[in-house]
**Q** 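Attaching a single structure in structure tokens format; questions to follow.
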Amino acid sequence: MTSLKSVRFYATMNTQNRTKSDAMLKGQAQILRYLYGIFDGMALRCCVELRIADIISNHGRPTTLSEIAASIDSVSINMDGLGRLMKFLVYKKVFDEVLKPQKGKGEGEKAYTLNYCSQWLLIDTNVTLAPMVRMRTDPSMVLPLHALSRSIKEGGTSFKLTHGEELFDFSLLNTEFNKIFNEGMACTAKITIDAIMSKYKNGFLGLKGSVVDVGGGTGVAISEIVKTYPHLKGINFDLSHVISSAPAYDGVTHVAGNMFKAIPRADTIFMKWILHDWSDEDCIKILKNCRKALLKKTGKIIIVEIVQHSTENDIFQDTRLTYDLVMFSHFSSGKERTESEWKKLLDEGGFSHYNIIKIHALQSIIEAFP
């Protein structure tokens, strides 16, 4: 006769086995989701290259698969492939799917509409992430990821191990990649500057004189600042090959130079997503040059960077952690930093106190004073 104790023992063992089996199955699903996650980004690239979001937007109503196909510049469109792409993007909630009524034809034909996600993939609009999609999925950016393990074992960035040059040097030598990279940076600059203006508008309103954007790229950010606050004089400062492709903006002067040598004198210094590209030692050099460039002791530096929070959880937290791997793989000494790491850099760079201001973006504002 089986004792009650034995029954309980086997019942417990069976429960534990089922729990372990369920956990292992979830673990398998998790690994597969990460493994095939690369198709998420490449599906977005395909969508941008085919201009699907713009096609739907131009129709101004739910758009069928055949209507999307008719608007793609191709005489041999693969309807099966297009349909499977749209099915994937609907499942990923990039587009919404509705049924378009058809008289006398049952439930109707599937049609697609934009949502808050796909609106960011519009190309023919002022605020878009489409150039960033192209840049981050460009073969030159993706190929180095195959060298991550080699980078960890041997040292050096996976980008240089792949291309033989660091990213900025590679960009200097490759005109087409330089264009793609600058466009990607410019589109995020516009998005971030809108978030900054919304949260930090009084911070700029109280400024006087000149503002220099250190590493300002093609001048998108500083042009938006000067346009909103025309009492300010804008200086866009970057390397010569970047400045050479910068368009003219009212109230903005483009100045070529090297931030490791000297920074144009100004009342206020603005830096967006620059310091995370560099080592602590390089950041301190840049900050010391910023300190020297301030015309008055009452001046300040406005830094826009990711501030890593170990306990905080918001909609951008996953991307912030991912960006640290982006910096590791693509820049020789790049990293995303915590508040304590930022404080140490600012102290050694000549800025004795600071404020961190959260905005509706991946980054935060670090307002620092000598």
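All of these numbers come straight from a predicted model, not from anything done at the bench.
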**Q** Strictly distance-based, threshold 3.5 Å: is any side-chain N or O of T137 a donor or acceptor partner for the main-chain N or O of R45?
**A** no

**Q** Do L346 and L294 share a hydrophobic cluster, counting only Ile, Leu, Val, Met, Phe, Trp and Tyr and linking them when any side-chain heavy atoms are less than 4.5 Å apart?
**A** yes

**Q** Show your reasoning for whether side chain to side chain contact (heavy atoms under 4.5 Å, CB included) applies to D250 and V226.
**A** CA-CA 8 Å; D250 291 338; V226 170; over 6 Å; no

**Q** How far does CD of Q363 sit from NZ of K272, to the nearest 0.5 angstrom?
**A**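 These two atoms lie 6.5 Å from each other.
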
**Q** If you compare all heavy atoms of I269 against all heavy atoms of C290, which two are closest, and at what distance to 0.1 Å?
**A** CD1-O, 3.0 Å

**Q** Can R134 and D138 be counted as an ion pair, charged N to O under 4.0 angstrom?
**A**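 No, no charged N to carboxylate O under 4.0 Å.
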
**Q** Compute the centroid of each ring, for F159 and then for F331, and state whether the two points are separated by less than 6.0 Å.
**A** no

**Q** Distance-only, no hydrogens or angles: does the S245 side chain make a donor-acceptor pair with backbone N or O of I243 under 3.5 Å?
**A**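 No; zero donor-acceptor contacts below 3.5 Å.
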
**Q** Side-chain heavy atoms nearer than 4.5 Å, only ILVMFWY residues, links allowed to pass through others: does that put I306 and L167 together?
**A**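 Yes, I306 and L167 fall within the same hydrophobic cluster.
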
**Q** Within this structure, what is the CE-CD1 distance for the pair M79 and I68, rounded to the nearest 0.5 Å?
**A** 8.5 Å

**Q** Mark yes when over 12 heavy atoms from residues, nucleotides or ligands other than L143 sit less than 6.0 Å from its CG; otherwise mark no.
**A** yes

**Q** For the CG atom of L275 and the NZ atom of K335, what is their distance to the nearest 0.5 Å?
**A**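 So the CG of L275 and the NZ of K335 are separated by 12.5 Å.
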
**Q** Is the centre of the F170 ring less than 6.0 Å from the centre of the F177 ring?
**A**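 Yes; F177 has its ring centre under 6.0 Å from that of F170.
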
**Q** Are the side chain of D238 and the backbone N or O of G217 linked by a donor-acceptor pair below 3.5 Å?
**A**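 Yes, the answer is positive, given that a donor and an acceptor are paired below the 3.5 Å cut-off.
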
**Q** Check this for me: does any side-chain nitrogen of one of E224 and K227 sit under 4.0 Å from a carboxylate oxygen of the other?
**A** yes

**Q** Taking NZ, NE, NH1 and NH2 as the nitrogens, is one of them in D169 or K160 under 4.0 Å from a carboxylate oxygen of the other?
**A**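 A salt bridge is absent here (no side-chain N lies under 4.0 Å from a carboxylate O).
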
**Q** Assess whether a salt bridge exists between E281 and K285, defined as any Lys/Arg side-chain N lying under 4.0 Å from an Asp/Glu carboxylate O.
**A** no

**Q** Could you tell me which non-hydrogen atom of P370 sits nearest to which non-hydrogen atom of G299, and how far apart they are?
**A**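 Closest approach of P370 to G299: CD-O, 3.2 Å.
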
**Q** For residues F204 and Y229, establish whether the separation of their ring centroids is below 6.0 Å.
**A** yes

**Q** Under 4.0 Å between a side-chain nitrogen and a carboxylate oxygen: does that hold for D314 and R320?
**A**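 Result for this pair is yes, salt bridge flagged.
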
**Q** Is the closest side-chain donor-acceptor distance between N182 and T218 under 3.5 Å?
**A** no

**Q** Backbone N or O of W342 within a donor-acceptor pair of the R337 side chain at under 3.5 Å?
**A** no

**Q** Please lay out, stage by stage, how M327 and D277 fare under the test side chain to side chain contact (heavy atoms under 4.5 Å, CB included).
**A** CA-CA 7 Å; M327 303 314 298; D277 293 338; 3.0 Å; yes

**Q** Carefully, step by step, assess E166 and T157 under the rule side-chain hydrogen bond (donor to acceptor under 3.5 Å, both in side chains).
**A** CA-CA 8 Å; E166 295 291 1; T157 65; 3.1 Å; yes

**Q** Can we say E339 and K343 salt-bridge, meaning some charged N sits less than 4.0 Å from an Asp/Glu carboxylate O?
**A** no

**Q** Between the side chain of S329 and the main-chain N/O of S158, is any donor-acceptor distance below 3.5 Å?
**A** no

**Q** Within the structure provided, determine whether F237 and N258 are in side-chain contact (heavy-atom separation under 4.5 Å).
**A** no

**Q** Check the pair F95 / C117 against side chain to side chain contact (heavy atoms under 4.5 Å, CB included), numbers first and verdict last.
**A** CA-CA 7 Å; F95 294 100; C117 184; over 6 Å; no

**Q** Do the side chain of T64 and the main chain of E67 share a donor and acceptor less than 3.5 angstrom apart?
**A** yes

**Q** Count the heavy atoms belonging to other residues, nucleotides or ligands that lie under 6.0 Å from NE2 of H360, then report whether that count exceeds 12.
**A** no

**Q** So, does D54 use its side chain to make a donor-acceptor pair with the main chain of I123 at under 3.5 Å?
**A** yes

**Q** Would you please test I193 and I225 for side chain to side chain contact (heavy atoms under 4.5 Å, CB included) and show each step?
**A** CA-CA 8 Å; I193 204 67; I225 293 171; 3.8 Å; yes

**Q** Working to the nearest 0.5 angstrom, can you tell me the gap between L205 CG and H231 NE2?
**A**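 One gets 6.0 Å once the value is rounded to the nearest 0.5 Å.
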
**Q** Is it true that atom CZ of R265 has more than 12 heavy atoms of other residues, nucleotides or ligands lying nearer than 6.0 Å?
**A**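 Counting neighbours around CZ of R265, more than 12 heavy atoms of other residues, nucleotides or ligands fall under 6.0 Å, so yes.
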
**Q** Tell me if a side-chain donor or acceptor on E348 pairs with a main-chain N or O of L345 at a distance below 3.5 Å.
**A**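 Looks like no, no N/O pair under 3.5 Å.
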
**Q** Hey, does S71 have a side-chain heavy atom less than 4.5 Å from the side chain of H59?
**A** yes

**Q** So with a 6.0 Å cut-off around NZ of K190, is the heavy-atom count from everything else above 12?
**A** yes

**Q** Salt bridge between D267 and K208, side-chain N to carboxylate O under 4.0 Å?
**A** no

**Q** Counting the benzene-type ring for Trp, do F260 and W278 have ring centres under 6.0 Å apart?
**A**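 Yes: the rings meet the under 6.0 Å criterion.
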
**Q** Determine, for D22 against K26, whether the closest basic-nitrogen to carboxylate-oxygen distance falls under 4.0 angstrom.
**A**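 Salt bridge between D22 and K26, a charged N being under 4.0 Å from a carboxylate O: no.
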
**Q** Is the backbone of V94 close enough, under 3.5 Å, to the side chain of S118 for a donor and an acceptor to pair up by distance?
**A** yes

**Q** Can you name the nearest heavy-atom pair linking A266 to S210, along with the distance?
**A** CA-OG, 3.2 Å

**Q** Which atom names give the shortest non-hydrogen contact between S140 and H163, and what distance separates them?
**A**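 Reported closest heavy-atom pair: O-NE2, 2.8 Å.
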
**Q** Can you name the nearest heavy-atom pair linking F88 to A43, along with the distance?
**A**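 Result for this residue pair: CE2-CB, 3.7 Å.
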
**Q** Quick check: is M271 connected to I359 through a chain of hydrophobic side chains (ILVMFWY, heavy atoms under 4.5 Å apart)?
**A** no

**Q** If I take atom CG from residue N289 and atom CD1 from residue I284, how far apart are they, to the nearest 0.5 angstrom?
**A** 12.5 Å

**Q** Nearest 0.5 Å, what's the CD1-CD1 distance between I366 and I301?
**A**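 Spacing of CD1 (I366) from CD1 (I301) equals 9.5 Å.
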
**Q** Can you tell me if S198 uses its side chain to pair, donor with acceptor, with the backbone of A195 under 3.5 Å?
**A**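 No: the side chain of S198 does not pair with the backbone of A195.
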
**Q** Classify the angle between the aromatic ring planes of Y323 and W273 as parallel (below 30°), tilted (30 to 60°) or perpendicular (above 60°).
**A** tilted

**Q** With clusters defined by side-chain heavy atoms of hydrophobic residues (ILVMFWY) lying less than 4.5 Å apart, directly or transitively, does L114 cluster with L65?
**A** yes

**Q** Can you confirm whether I72 sits close enough to I55 that some side-chain heavy atom of one is under 4.5 Å from a side-chain heavy atom of the other?
**A**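 Answer yes - side chains close enough.
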
**Q** Y354 and I365: same hydrophobic cluster, using ILVMFWY side-chain contacts below 4.5 Å?
**A** no

